[in-house]
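No experiment lies behind these values; they were computed from the predicted model shown.
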Amino acid sequence: MECKTHNRESLPALLRAHGISPTHQRIEIAHAILSRCDHVSADRILALANDRATETSKATVYNTLKLFVEQKLIREVIADPGRIFYDPNTEPHHHFYNVDTGELTDIDASAIEVSGLPPLPHGAVAEGVDVIVRIRSHTG
């Protein structure tokens, strides 16, 4: 699975393509996520966005992340109730989540086969299926 990274110069056009006005803070937040192929937490994004001496608040980061997810610029991955990651890879894929280290890694969509879904509620359509395989170090 290939990851495409972006530099600051390419981000205003990318944000506009997703219907997002490219403010300075949004560009810094987008850069914190889209300049790498990592799954990052909101706290890490805040630290990365503020590395360049900007004063981006936690509320701005959370509001911007919500906007980016809504506009399908990034994916939100809830690994467990206390761990939410933001994923720059919006292509269909799944994840390994290491419960010991907190690391989230991609699994190619073709490596997992889902053979059926339960009946959906009336009027609902499936938007996607996300599989998280929780792993830990084997001791013994």
Side-chain angles (χ1 to χ4, degrees):
M1 206 169 356
E2 187 176 323
C3 175
K4 181 177 178 3
T5 59
H6 296 272
N7 59 33
R8 278 186 183 81
E9 292 71 33
S10 68
L11 289 172
L14 180 65
L15 292 175
R16 283 188 197 97
H18 284 268
I20 301 167
S21 176
T23 65
H24 175 71
Q25 289 180 321
R26 288 176 178 167
I27 290 169
E28 289 303 316
I29 293 166
H31 186 262
I33 303 165
L34 300 171
S35 67
R36 58 190 34 85
C37 292
D38 296 340
H39 303 87
V40 287
S41 68
D43 287 339
R44 181 74 180 129
I45 292 164
L46 176 63
L48 290 166
N50 284 327
D51 272 352
R52 289 178 42 111
T54 60
E55 291 298 322
T56 304
S57 71
K58 196 173 214 176
T60 297
V61 168
Y62 278 100
N63 290 334
T64 301
L65 291 172
K66 181 177 184 287
L67 175 64
F68 287 1
V69 169
E70 288 170 354
Q71 296 301 111
K72 302 196 183 314
L73 179 64
I74 61 173
R75 289 175 62 181
E76 183 178 66
V77 180
I78 302 171
D80 69 42
R83 296 296 309 255
I84 298 174
F85 294 91
Y86 295 90
D87 189 349
N89 182 356
T90 58
E91 295 300 314
H93 68 285
H94 307 288
H95 295 95
F96 284 118
Y97 175 63
N98 186 315
V99 297
D100 293 329
T101 66
E103 182 182 18
L104 193 70
T105 54
D106 290 346
I107 302 171
D108 193 278
S110 65
I112 293 180
E113 184 176 315
V114 176
S115 63
L117 294 174
L120 300 175
H122 179 73
V125 295
E127 185 172 290
V129 175
D130 296 318
V131 176
I132 297 177
V133 179
R134 287 171 181 78
I135 60 173
R136 70 177 57 241
S137 301
H138 178 68
T139 56

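Side-chain atoms of Arg75 come within 3.5 Å of backbone atoms of Glu91 as a donor-acceptor pair (strictly under, hydrogens ignored). Of the possible polar contacts, one joining the Gln71 side chain to the His18 backbone as a donor-acceptor pair under 3.5 Å is found. A distance-only check finds a donor-acceptor pair linking the side chain of Asp108 to the backbone of Ser110 [under 3.5 Å].
Shortest non-hydrogen contact noted between Ile20 and Arg26 is CG2-CD, 3.8 Å. Minimum heavy-atom separation, Phe85 to Ala79: CE1-CB, 3.8 Å. Nearest heavy atom pair, residue Thr56 against residue Leu46, reads O-CD1, 3.1 Å. For the pair Leu120 and Ala126, the tightest heavy-atom approach, listed with the atom from each and the gap, is CD1-N, 3.5 Å.
With a 4.5 Å cut-off on side-chain heavy atoms, Pro88 and Arg36 do not count as touching. Val77 is not listed as a side-chain neighbour of Asp130, based on a closest heavy-atom distance of 4.5 Å or more.
Between His39 and His95, the ring-plane angle classifies as perpendicular under the 30° and 60° cut-offs.
If you chain together hydrophobic residues whose side chains sit under 4.5 Å apart, Ile74 and Tyr97 never meet in one group. Connection of Ile84 to Ile29 is established within a shared hydrophobic cluster, with ILVMFWY side chains joined at heavy-atom distances below 4.5 Å, either directly or through further cluster members.
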